[in-house]
Amino acid sequence: MMEERRSKMRIGAPGLLAAAVLCLSSLAGAAGEAGAGQKQLRFRATSGEFKILQVADMHYADGRTTPCVDLLPSQVAGCSDLNTTAFIHRMIQAEKPDLVVFTGDNIFGFDATDAAKSMDAAFSPAISSGVPWVAVLGNHDQESTLSREGVMKHIVSLKHTLSQVNPTGVQVIDGFGNYNLEVHGVEGSGFENKSVLNLYFLDSGDYSTVPSVPGYNWIKPSQQFWFQRTSMKLQRAYMSKPVAQKAPAPGLVYFHIPLPEFASFDSSNFTGVKQEGISSASVNSGFFATMVEAGDVKAVFTGHDHVNDFCGELTGIELCYAGGFGYHAYGKAGWARRARVVVATLEKTDKASWGPVKSIKTWKRLDDPYLTAIDGQVLWSKSIKGAGARRKKQIGGA
């Protein structure tokens, strides 16, 4: 059921981040470098776009025998995990994403008889489509037959995934599934060898292991230190020759458990709905401040609270939920399962070529007969300083 919103306690970020230096021995290798045989992500030459489909909280278990929850009476008969599978297929066919991101609680461990088989089934639509995909862990993925490390290692072994167990060259880092990906400019353009969009993925953990701190886990100093160093390297490369840029390439961050800062909004300053409390960690580890200081992050995307699907802007960063996707995950009867789509678009240069990212937009699609698109908005625009554009638009063809 819906977790209770917990009280917050502040932990100073600077001291923790300094301590993290002791935990990390080296950061050898280029930040975001694709692994051997991995596909290099890049923007489409035809449209100058890169599209990401976010799938949050599938809660997949044993397939056909796993019942759906929180539906209208007329929807219950015959509903199972296979409805979740069908929804992913429909979304991939409709949106044709360049990357699918699964943001945790991919399986619901307590009800999954065999974790590996459940994951194989849960990710099968992405695998069969051939679209590159990645995943991070939630708080339920390890509750079946594999540990968190085991779950991530199995994910990395699957076809077409760009997921990593952890960053190359980092000897010690908390969690499993911390990594970044670069999205390069259009082939043949001046930006073909530059990352014009940076994607960061982090393990937000499961449950606190500190006896005096109840509730959920949090993003640790070692992870924040890795993020800082990676962001700095990427910014330095982007702002150096050739085609040196004056400002960092935009970054997007994906993890499962929302930060305490997600509680900063009400209906007057977000797009979407808030129908339950913000189930963040009961301590604030300072990761939001770390992202603000880094200067490149434009939006954060999480799951965890299934019947929240809003985006709200705070200090130049959009904090976004996807809304619950899976049919074995708790939801709200009559409130459709949904997915979030994000599209980054390049600007045209004076020479009619493709340049850096011009804007980042988002919308959601509902699992109804029409895959209805809702809540279209601009998350960031190069022409609008400080991001946080609250403009809505008609979605039509999205």
Between the CG atom in Leu379 and the CG atom in Leu319, the distance rounded to the nearest 0.5 Å is 10.5 Å
### Query
Is there side-chain contact between Cys311 and Gln377, with heavy atoms separated by less than 4.5 Å?
yes
### Task
Evaluate the side chain to side chain contact (heavy atoms under 4.5 Å, CB included) criterion for residues Lys96 and Lys51: first the C-alpha distance (whole Å), next the side-chain angles of each, then the deciding distance (0.1 Å), finally the verdict.
CA-CA 8 Å; Lys96 297 178 176 56; Lys51 182 182 287 188; 5.8 Å; no
Give a yes or no on whether the backbone of Thr372 and the side-chain of Arg365 come within a donor-acceptor separation of less than 3.5 Å.
-> no
Let me see the working for Val342 and Leu252 under side chain to side chain contact (heavy atoms under 4.5 Å, CB included), right down to the final yes or no. CA-CA 10 Å; Val342 172; Leu252 306 178; 4.1 Å; yes
Side chain Lys39, main chain Val131, donor-acceptor under 3.5 Å:
no
inquiry  = Could you tell me if Glu261 and Asn284 have a donor-acceptor pair between their side chains, going purely by distance under 3.5 Å?
reply    = yes
Which of Leu202, Leu234, Val253 passes side-chain contact (heavy atoms from CB on, under 4.5 Å) with Asn180? It is Leu234
request  = Compute the ring centroids of Tyr216 and Tyr207, then answer whether they are less than 6.0 Å apart.
outcome  = yes
dist Asn178:CG -> Tyr200:OH (nearest 0.5 Å) comes out at 13.5 Å
Q. If only atom types and distance count, is the side chain of Arg337 paired as donor or acceptor with the main-chain N or O of Ala329 below 3.5 Å?
A. yes
On a heavy-atom basis, the closest approach of Leu366 and Ala336 is CB-CB, 4.0 Å
query = Would you say Lys348 has more than 12 foreign heavy atoms packed within less than 6.0 Å of its NZ?
reply = yes
side-chain contact (heavy atoms from CB on, under 4.5 Å) test vs Tyr238 passes for just one of Lys233, Lys194, Lys246, namely Lys194
- Message: Checking the side chain of Thr271 only, and the main-chain atoms of Asp375 only, is there a donor and an acceptor separated by less than 3.5 Å?
- Response: no
>> Is any side-chain heavy atom of His184 closer than 4.5 Å to one of Ser195?
In response: yes
Tell me if a side-chain donor or acceptor on Asp105 pairs with a main-chain N or O of His59 at a distance below 3.5 Å. no
- Task: Examine Phe265 and Val292 and state if one hydrophobic cluster contains both, with Ile, Leu, Val, Met, Phe, Trp and Tyr joined whenever side-chain heavy atoms are less than 4.5 Å apart.
- Result: yes
| query | Can the ring centroids of Tyr321 and Phe262 be said to lie less than 6.0 angstrom from one another? | reply | yes
- Using the ring of each side chain (for Trp, its six-membered ring), is Phe287 parallel, tilted or perpendicular to Phe227, with breaks at 30° and 60°? perpendicular
- Is any side-chain heavy atom of His256 less than 4.5 Å from a side-chain heavy atom of Asn139? yes
Minimal heavy-atom distance between Ala344 and Val357, with the atoms involved, is CB-CG1, 4.3 Å
For this session: Could you check if a side-chain atom of Val196 sits within less than 4.5 angstrom of a side-chain atom of Trp354, using non-hydrogen atoms only?
Result: no
Subject >> Shared hydrophobic cluster, Tyr327 / Met58 (ILVMFWY, side-chain heavy atoms < 4.5 Å) >> reply: no
In terms of heavy-atom contacts, Asn166 and Gly177 come closest through OD1-N, 3.5 Å
**Item:** Same apolar cluster: Phe325 and Leu82, side chain cutoff 4.5 Å
**Value:** yes
Rounding to 0.5 Å, atoms OG (Ser157) and CG (Asp120) come to a distance of 7.5 Å
Of all heavy-atom pairs linking Asp203 and Gly175, the shortest is OD2-CA, 3.2 Å
Discussion item. Could you tell me if Lys382 sits above the aromatic ring of Trp380, with its cationic atom closer than 6.0 Å to the ring centre and no more than 45 degrees from the axis?
Written reply: no
Rounded to the nearest 0.5 angstrom, the CD-CE distance for Gln54 and Met91 is 11.0 Å
Please answer: with hydrophobic residues joined when any side-chain heavy atoms are less than 4.5 Å apart, are Ile92 and Val343 in the same cluster?
yes
> Does some side-chain heavy atom of Pro167 sit less than 4.5 Å from a side-chain heavy atom of Thr230?
Replying inline: no
- Query: Ring centroid separation for Phe191 and Phe43, is it under 6.0 angstrom?
  - Reply: no
Checklist entry - Hey, mind stepping through Ile107 and Tyr60 against side chain to side chain contact (heavy atoms under 4.5 Å, CB included) and telling me if it holds? => result CA-CA 4 Å; Ile107 64 173; Tyr60 209 93; 4.3 Å; yes
(message) Hydrophobic clusters here meaning ILVMFWY residues chained together by side-chain heavy-atom distances under 4.5 Å, can you tell me if Val283 and Val210 are in one?
(response) yes
Would Trp218 and Val213 satisfy side chain to side chain contact (heavy atoms under 4.5 Å, CB included), going step by step from the backbone distance to the final call?
-> CA-CA 11 Å; Trp218 52 88; Val213 180; 3.8 Å; yes
Taking every heavy atom of Thr66 against every heavy atom of Ala61, the minimum-distance pair comes out as OG1-CB, 3.4 Å
Next item on the list: Run the numbers on Asp62 and Thr65 for side chain to side chain donor-acceptor pair (under 3.5 Å), then give the verdict.
Entry: CA-CA 6 Å; Asp62 287 345; Thr65 61; 4.9 Å; no
When you measure from the side chain of Thr145 to the backbone N and O of Ala115, does any donor-acceptor pair fall under 3.5 Å?
yes
#### Entry: Min side-chain heavy-atom separation Phe50-Leu346 under 4.5 Å
no
Taken to the nearest 0.5 Å, the spacing of Thr161 OG1 from Ile155 CD1 works out to 7.5 Å
Is a side-chain donor or acceptor of His328 paired with a backbone partner of Pro67 at a separation under 3.5 angstrom?
yes
- Query: Are the side chain of Asp309 and the backbone N or O of Ala322 linked by a donor-acceptor pair below 3.5 Å?
  - Reply: no
Nearest heavy-atom approach of Met152 to Ala135 is CE-O, 3.3 Å
(Q) Test your reading of the model: is there a side-chain donor-acceptor pair from Arg229 to the backbone of Gln224, 3.5 Å cut-off? (A) no
d(Tyr179 OH, Tyr254 OH) to nearest 0.5 Å is 11.0 Å
Can you check whether Leu99 reaches Leu199 side chain to side chain, under 4.5 Å on heavy atoms? yes
- Does CD belonging to Glu347 count more than 12 external heavy atoms closer than 6.0 Å? yes
Would you please test Tyr330 and Glu276 for side chain to side chain donor-acceptor pair (under 3.5 Å) and show each step?
-> CA-CA 12 Å; Tyr330 79 79; Glu276 62 176 304; 2.8 Å; yes
Is the shortest heavy-atom distance from the side chain of Thr362 to the side chain of Glu318 under 4.5 Å? no
*Answer yes if the ring centres of Phe310 and Phe270 are under 6.0 angstrom apart, and no otherwise.*
yes
Side-chain (Lys358) to main-chain (Thr345) donor-acceptor, under 3.5 angstrom: no
